Amino acid sequence: MQNEDNLSAFERGVYAVVASIPCGCVSTYSRIAYTIGAAGAARAVGNALNKNIYADVPCHRVVQSDGGVGGYAWGEKNKISMLLREGVVVANGRIDLKKYGIRFNT
DNA sequence: AGGGTGACCCGCT
DNA sequence: CAGCGGGCCACCC
């Protein structure tokens, strides 16, 4: 993300967290929302990513809390392909958050 | 200022 | 385990 001054603090927070996700790992919308101090705003997080597609923000590394791949502006299957490319094993359209789901704070 | 939308989450059946 | 409904939050018209 560059000079996204047009965006709100919430949006920037989401991008910051998503951008901090290391390669080969994934995070959940709810977890991100909680990290930025907006616990429960998982929906808003997804909305933020959907409306803002930046190369600096690996939105494809954001999945659902249940391990589901979730949605993707460019296509879910495309998202899965990228995850696999990152090294994240996606079995039956599901990701093992126990292995790839990172946590910013314990 | 009010209402509708969405890449979600959780609980219940 | 799968399917359905309600609830939550932030953004846009």
Side-chain angles (χ1 to χ4, degrees):
Chain A
M1 45 189 191
Q2 284 104 1
N3 43 332
E4 272 35 283
D5 299 307
N6 312 33
L7 307 176
S8 297
F10 180 82
E11 301 260 56
R12 285 193 276 176
V14 175
Y15 299 135
V17 177
V18 177
S20 67
I21 301 174
C23 180
C25 293
V26 297
S27 185
T28 68
Y29 298 96
S30 182
R31 197 99 49 164
I32 294 167
Y34 185 83
T35 306
I36 65 177
R43 207 159 207 187
V45 174
N47 238 350
L49 293 170
N50 174 27
K51 279 179 139 194
N52 298 275
I53 310 165
Y54 297 98
D56 302 291
V57 182
C59 37
H60 62 269
R61 286 182 195 159
V62 185
V63 297
Q64 297 184 178
S65 295
D66 55 9
V69 179
Y72 198 53
W74 300 346
E76 285 93 310
K77 53 182 182 61
N78 197 333
K79 179 176 182 177
I80 296 171
S81 298
M82 295 178 95
L83 287 169
L84 291 170
R85 196 164 114 185
E86 297 288 310
V88 179
V89 179
V90 184
N92 199 328
R94 278 198 204 153
I95 302 166
D96 192 336
L97 297 175
K98 280 282 226 223
K99 289 174 168 264
Y100 306 101
I102 64 174
R103 53 184 76 191
F104 305 94
N105 57 352
T106 11

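The figures that follow rest on heavy atoms only: side chains count, while hydrogens, waters and symmetry mates do not. Chain identifiers are assigned alphabetically (A, B, ...) following the order of the sequence lines, protein sequences preceding nucleic acid strands; residue numbering begins at 1 within each chain. Keep in mind it's a predicted model, so treat the numbers as computed, not measured.
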Filter on salt bridge (charged side-chain N to carboxylate O under 4.0 Å, His left out), then keep only pairs touching residues 97-106 of chain A, sequence neighbours left out; what's left? none
Please answer whether the main-chain N or O of A:Arg94 pairs with a side-chain N or O of A:Asn92 as donor and acceptor at a distance below 3.5 Å. no
Under 4.0 Å from any atom of DNA chain C, heavy atoms only: list the residues of residues 85-104 of chain A that qualify, in numerical order. A:Arg94
Test: salt bridge (charged side-chain N to carboxylate O under 4.0 Å, His left out). Region: residues 78-87 of chain A. Which pairs qualify, not counting sequence neighbours? A:Arg61-A:Glu86
First and last nt of DNA chain C near chain A, cut-off under 4.0 Å to heavy atoms, 5' to 3', are C:dA2 to C:dC12
Suppose the criterion is salt bridge (charged side-chain N to carboxylate O under 4.0 Å, His left out): which pairs have a residue in residues 27-37 of chain A, not counting sequence neighbours? none
Could you note down all residue pairs passing ring-ring contact (aromatic ring centres under 6.0 Å, His included) where residues 68-97 of chain A supplies at least one of them, sequence neighbours left out? A:Tyr72-A:Trp74
Could you tell me which residues satisfy side chain to side chain contact (heavy atoms under 4.5 Å, CB included) with A:Ile102, sequence neighbours excluded, listed by chain and number? A:Ile21, A:Pro22, A:Cys25, A:Ser27, A:Phe104
Pairing residues for A:Asp96 by the side-chain hydrogen bond (donor to acceptor under 3.5 Å, both in side chains) criterion, not counting sequence neighbours: none
Determine all donor-acceptor pairs shorter than 3.5 Å in which one atom belongs to a side chain in residues 39-51 of chain A; sequence neighbours excluded.
none

Rounded to the nearest 0.5 Å, what's the gap from CG on A:Leu7 to CG on A:Asn52? Could you check? 5.0 Å
Should we count OH of A:Tyr34 as having more than 12 external heavy atoms under 6.0 Å? no
Nucleotide by nucleotide, 5' to 3', does protein get under 4.0 Å of the base (B), only the sugar-phosphate (S), or neither (-) in nucleotides 4-13 of chain B, counting heavy atoms? --BBBS----
